[in-house]
Structure formats: C-alpha cells, structure tokens
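Have a look at the structure below before the remarks.
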2 protein chains.
Amino acid sequence: MTISDRSFITAHDVARAAGVSQSAVSRAFTPGASVAPDTRARIMDAATRLGYRPNLLARSLISGRSNIVGVGVGDLSNPFFVETLQLLSRTLDEAGLRLLLFPAEAQGGGEPSINEILHYRLDALVLLSVGLSSGLAEECRKAQVPVVLYNRTTQDHAASSVIGDNGIGARTIAAHLLAGDHRRMAFIAGADGSSTNMQREKAFFGYLAEQGATAPLRAAGDYRTEVATAATRQLLAGQDRPDAIFCANDNMAIAAINVARHEFGLDVGREISIVGYDDVAMAAWPAFSLTSYAQPAQRMVDEVLRLILALRDDPDRHEDVVVDGGLVVRGSSRTIRPR
Amino acid sequence: MTISDRSFITAHDVARAAGVSQSAVSRAFTPGASVAPDTRARIMDAATRLGYRPNLLARSLISGRSNIVGVGVGDLSNPFFVETLQLLSRTLDEAGLRLLLFPAEAQGGGEPSINEILHYRLDALVLLSVGLSSGLAEECRKAQVPVVLYNRTTQDHAASSVIGDNGIGARTIAAHLLAGDHRRMAFIAGADGSSTNMQREKAFFGYLAEQGATAPLRAAGDYRTEVATAATRQLLAGQDRPDAIFCANDNMAIAAINVARHEFGLDVGREISIVGYDDVAMAAWPAFSLTSYAQPAQRMVDEVLRLILALRDDPDRHEDVVVDGGLVVRGSSRTIRPR
DNA sequence: CTGAAAGCGCTAACAG
DNA sequence: CTGTTAGCGCTTTCAG
C-alpha cells in the first residue's frame, strides 16, 4: 500500500488554472522572455497558489546543461578541505550552480562512484586533493565533462588545475627555518604520488642544498594524522633528533606537535620548531600556535569557479592557475637563534 | 568562438552502431529487461566503444525519482557535522543515491538556496543541525520532498528526525560531575532555538536539581567557537569561578579548554573539569583529552538512510528515531574528589 | 525477444 | 505578445 505516486504539479496544471497555454507558463519562468505583465502576473499567481516549480531535470534535458558541478573529496579529516568545501558550496551556490558531492578515494579518484556521477550531465567535475588516474581522465573526456583539480596538478593536459605556489611556499619555509638557526631539519612528506608534495619537497630540499645546509631527514607521510604521528615518533626517538620539522600540511603538523609535546615533553617553539602548510583555522589556536604557509582558500575557490564557467563555454580549454600565499609565523617555530 | 556544443552520445547512436532499435539499447541498460544475450552483448560492445552512458536526467524525468538527496549543512567548523557528512556521503553512495550539498544557515534552513534545490525532484532532504522553519516545511510539503532532520527535532510533525538521546546523555554527564565532587558547575548552551540544546539543558539542570545540587551558572552559546570562547572568559573571570563546565557540544568544549588553559593558566582536569558532547575525533587528542558523551554518527547516518528509503515509498510517514550513546571519560574531567 | 510509438516536463523556434 | 508544434534522451506499453 505504498503511495510512491508523487504527482507533481506541472506547467500544464498552471496553464489550465491561469487560462493560458503551457508555453506561456514556460515563458513566465524564463528571465528574458516576452510576456505581457498581467499575463505573467496571472500565471505567477496560479503558480504560487498551486505550489508549482519548474522541473529542472526537464529543463536540463533540453539545455544539455545541468548546472550541477560534481565535487569529489577524499579525506575530510583534513581541515583544509573542509574549509574549502564550505567556501566552495557557498560560492557555487551564489553562482547558481549545484554541488553534487561524492566520496573519492585519495588515490584513484573514486573510480566506482565517479562513473555513476558522470551519468548526470555535469557542467564540471572538481577534485579536491584527489588524483586523476589516466583511465578516469579518459572517461571524463568521453563524457565531455571538464575536470578541475584543486590543490593538485597533473602532468598530461587531462585537466585544468588551481594550486598554490608550492615552490615559493616551501622555499620561504626553508629560509625561515634557516634564519632560526636550525641545524638538523626533517621533512614529513605528503602522499607519494601527489604533485603538491613533490613540488614542496623538491623546493624545500633544493633551497637548503643551495644554501649549503645539511640535507634534512625525510619521513614518509600521506597528509593524514595517523602516519604523521608515527613518523614524528620515529624522528624524535632517533639518534640525532631534528630541531625543526616541516610537515607537508597543517594536519600533519598538528599531529607532530601533539607527539612532540605530549609524548616527548618537548617545548615546541623552543626545543623544536614545527611548521605546517595551509594555515587552517586551527593553526591559530593557542593550543598549537602553528607557523604555517597560508593558502588562500577563498581565492583558490574563486579561481575554480572562474574555470568552471570558462570550461562550460569551451570544454577544451586548459588552464593551470597558481595562487600565491604567505608565511604566517607563530609560536611553534623560533625566529632567532637560541640561547 | 565558443564550442559550447557538447554533442553527447545517445541511445540512438548506439542503436545505429549495433544495428538495433533505440528501445533495445534502453533494455540492455535496464536490469530486469528481456534482451537476447547476444543482442545485449552487441549493444554493450557498441556502447563502450562509443563511450555511451544513459542520461540519468532523462531517466529521472520519466521515473519521477531523481535518486538525489539534498543535504543542507550549516556550520562545517563543527567537526561532528564534518564526520557525519563524510559518513553520509559514503553511505548514500553505497545505496546508489547522490548527495546534493547546499549551504544552509544554522537558523532558517537556508531559505534562498533551498528553494532552488527543491526544483530538482529530490528523493529527500536531509538537514544537518539546521532548523526547519514552518515556511520551509510547507514548501517541502508542497514540493513533495520528505525532510529528515539530523541531530534536531521539530515539535510539529513536519519532518522526521534522527537524534541522540540527549536526556540520558546530559543526565549522565551531570552524574559524572557530581561524582567528581564539583560544587560550582556551569553550562555553556547551544543555539537558542535548537531542540537539542533544550533537551540537554533541561536534563542537565533537572538532574542536578533532583540531586539537590546548587543550580549551575548558564552562559549563552551557539555551538560555535567564537561565542564559546567569550563565554568561557566571562565565566572564568567571574566572582565565583565554576569548577566544572559542561558545554553543549565538543566544539565549544575545545574552545573552553583553550581559554582555561592558555588564558587562565588552569590545569584542566584538576583545577577545572570541562566536558563536551559528541565525542568527535579531536576529543581524543592528547592536547584536549576531552571527556565527552559520544553520539554514534555512523548509526545515526544508517538510520537516516533507512528513513530516506522508507520515505520514498511513503512520503507521509513520520518517524522520530532516537539513538543512544555513551560517556567517554578522559583527562579533562576529574572522577574523584580532589586532594 | 524486438521495433514502433507514445509520452515524462520543459524549451524553442514558428506562425499568427 | 501568444498558441502551436517539435523535440531533449529515455522508458514503457503494445503489437508483432
């Protein structure tokens, strides 16, 4: 005895109620269309009375444009992507675009569900810190859905991207740590395949080498808390304990602070400096007071929107946008030489 | 010179390529339909070759069911909702449902964008910690979109809901604090109109009154960091400083810990006890070690899915689901009387 | 098992 | 300005 029969109110119903043709109703709901003021009024009246609203699925079917943007997120335990997602949802909303969220594995790009997603005529696909496998890129190309990578790039021109200037960021951090007279540095890396990590790592090590500094230790990481926690333990328990750790993102840096302070009893900012990347809101909390290289999420999101709109008109366009940030020095790193 | 002309591959194209009718193609992609094995094979072959995928917008237009669930989120700075959102995205995905995310104001339910959302034939609308105004409820009813409230309820039967047992939770916390021999308690409230806060507050004050304890101080809050920070400052700077603070959620409790420890130099867990609600992942971090009443997000999300599926078949159904949780005692609250 | 034909709800030329 | 007429891409009878 299911009542799954939802009979929606259609433009026809409104037309009948208002004594006009169905296409008149359509026009009344189309911004630029020509309808006599009082006809429109009569239609609108009937419409609100009946609770009518145009079926956007039907509209999309005709226009070939859904006004829906797919957004794939991997790990929401990283606050930077949560902050981005919040900004993105607002920004897309204001632009009249809908956000179809789907879970994507950090590595593969969420192959299974993404294939489902492509069945909707998405205006674009945005991947937040999720890699784009070549197979997936091919699927998107076939489905004619342009892809925008956020905080990542890809070598082949399979997708446009919006990233921060990781080279400048990592070098700035290296210079900051050198200025603080740190002698034994360490780097906790991000996910192995990610362009972002490669860029940050390369610039960090490169700059230190240029300056004739001792090569830093390196610990594998994946941007997430657990691995970073283990990596920090290992670094701090080792023979020559580093006096500075640069973590490839804030999420890991906060984990590192927790370990250094609560497990090793270190005075972070004096006995050891810890620096992150992103400048998430939490970094400013007194509990962490984390020095970090800020990535301007809102500006990056604005660029994403701009790209989406551009790609709607020209799907074959390719653009790699780089947004710059800035170092925010806080208590977790010392600026001057000790003693 | 825009090339906005995305010519998608349709079932017709596949039909021509496979030498069958268009309806045969449709059948080949319909689970229960009757197609000869080799016909289907020929069709599938042509389909993959051409990169065809059924247009779900067209399908939804016919079935009257979009397989899309709208999800409104207010403040993503509250980790509990981030954790929930992550679980929800996975859970819906596995059930073959799409998640249309939209920003909703914590109070009103995001009137403007929600009205846009309703234009898609949503299977359901889930509101994460967002109130449902009566006007909005009416809109949803008219649009025949069933609403599920998460972590909130509403008096009128305008929507179904999934909540934790706030009464038991708050009483358990009160009992815990009494056992720790706290004499001067305080409560930092959640958003004023929210059912969740009312339930927690009422149970907390009620239990203490029953036990003959001194009535706690009360500070206004809104579940978010900023107000909680200010409220804590005021409480701790006051004449008779409380020796225990119960915050209506973890997000505020963590803010309270930050203030107590870093601004007032208090030893949290000895000089003052601070307790939260939700048991978000961060509560377990050594930096906070927050005692909290756990809400089982996954189970709550499972209930949301169950409700959605039930409501698809019977939109008029109404159900208020209550899921129970449990107290997790950590270092931020003392268990035994001091000294 | 398969093709032809009739829509789902809407937009977009066309004539009037 | 307005009604009529074709479809958008797909599912679904209905004959064969």
Side-chain angles (χ1 to χ4, degrees), chain A residues 4-44 46-47 50-68 116 118-123 143-144, chain B residues 4-44 46-47 50-68 118-122 143-144:
Chain A
S4 75
D5 185 35
R6 303 196 284 175
S7 54
F8 291 104
I9 290 146
T10 76
H12 257 112
D13 303 325
V14 178
R16 205 172 317 118
V20 294
S21 77
Q22 180 267 322
S23 41
V25 177
S26 173
R27 286 194 198 95
F29 281 87
T30 307
S34 58
V35 198
D38 65 318
T39 318
R40 150 172 264 126
R42 228 173 43 255
I43 293 174
M44 287 320 217
L50 296 176
Y52 166 75
R53 45 185 96 233
N55 186 335
L56 290 194
L57 296 174
R59 179 179 290 177
S60 301
L61 187 56
I62 295 169
S63 65
R65 169 175 295 187
S66 63
N67 282 323
I68 298 178
E116 267 298 309
L118 288 176
H119 289 243
Y120 294 87
R121 295 288 188 249
L122 298 181
D123 283 14
Q144 309 222 52
Chain B
S4 75
D5 186 36
R6 303 196 284 173
S7 53
F8 292 104
I9 291 145
T10 75
H12 257 112
D13 303 326
V14 178
R16 206 173 315 117
V20 294
S21 77
Q22 181 267 324
S23 39
V25 176
S26 173
R27 286 192 198 96
F29 281 87
T30 306
S34 58
V35 197
D38 65 318
T39 317
R40 147 171 268 126
R42 236 182 25 263
I43 293 175
M44 287 320 221
L50 296 177
Y52 166 76
R53 48 184 94 232
N55 185 335
L56 289 195
L57 297 174
R59 178 179 292 178
S60 300
L61 187 56
I62 296 168
S63 66
R65 167 175 295 187
S66 62
N67 281 324
I68 297 178
L118 289 177
H119 290 243
Y120 295 88
R121 296 286 186 251
L122 298 181
Q144 310 222 51

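Basis for what follows: all heavy atoms, side chains included, without hydrogens, waters or symmetry-related copies.
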Can you check whether B:Ala24's main-chain N or O pairs, donor with acceptor, with B:Ser21's side chain at less than 3.5 Å?
yes

Could you tell me if the side chain of A:Asn55 sits less than 4.5 Å from the side chain of A:Thr10, heavy atoms only?
no

A:Leu56 side chain near A:Asn67 side chain, heavy-atom distance below 4.5 Å
no

Pairwise distance CZ(B:Arg53) to NE2(A:His119) - rounded to 0.5 angstrom
5.0 Å

For the student: nearest non-hydrogen atoms of A:Val35 and A:Ala28, plus distance
CG2-N, 4.0 Å

Remember a base hit wins even if backbone is also touched, and classify B:Thr39 as base, sugar-phosphate or nothing at under 4.0 Å, heavy atoms.
sugar-phosphate

Sequence-aligned protein contact record of nucleotides 7-16 of chain C, with B where the base is within under 4.0 Å of a protein heavy atom and S where only the sugar-phosphate is
BBBBBBB---

For B:Arg121 and B:Arg65, indicate whether the former's side chain and the latter's backbone hold a donor-acceptor pair under 3.5 Å.
no

Looking at every heavy atom in both B:Leu57 and A:Ser66, which two are closest together, and how far apart are they?
CD1-CB, 4.1 Å

Nearest heavy atoms of B:Leu50 and B:Ala17, plus distance in Å
CD1-CB, 4.0 Å

Return the angle between end axes of the helix from C:dC1-D:dG16 to C:dG16-D:dC1, with five pairs used per end and rounding to 10°.
40°

To the closest 0.5 Å, what do you measure between OG1 (A:Thr30) and CZ (A:Arg27)?
8.5 Å

If you take all heavy atoms of A:Pro54 and A:Phe29, which pair is closest and at what distance?
CG-CD2, 3.8 Å

Min and max contacting nt of DNA chain D in 5' to 3' order, chain B heavy atoms within under 4.0 angstrom, are D:dG9 to D:dT13

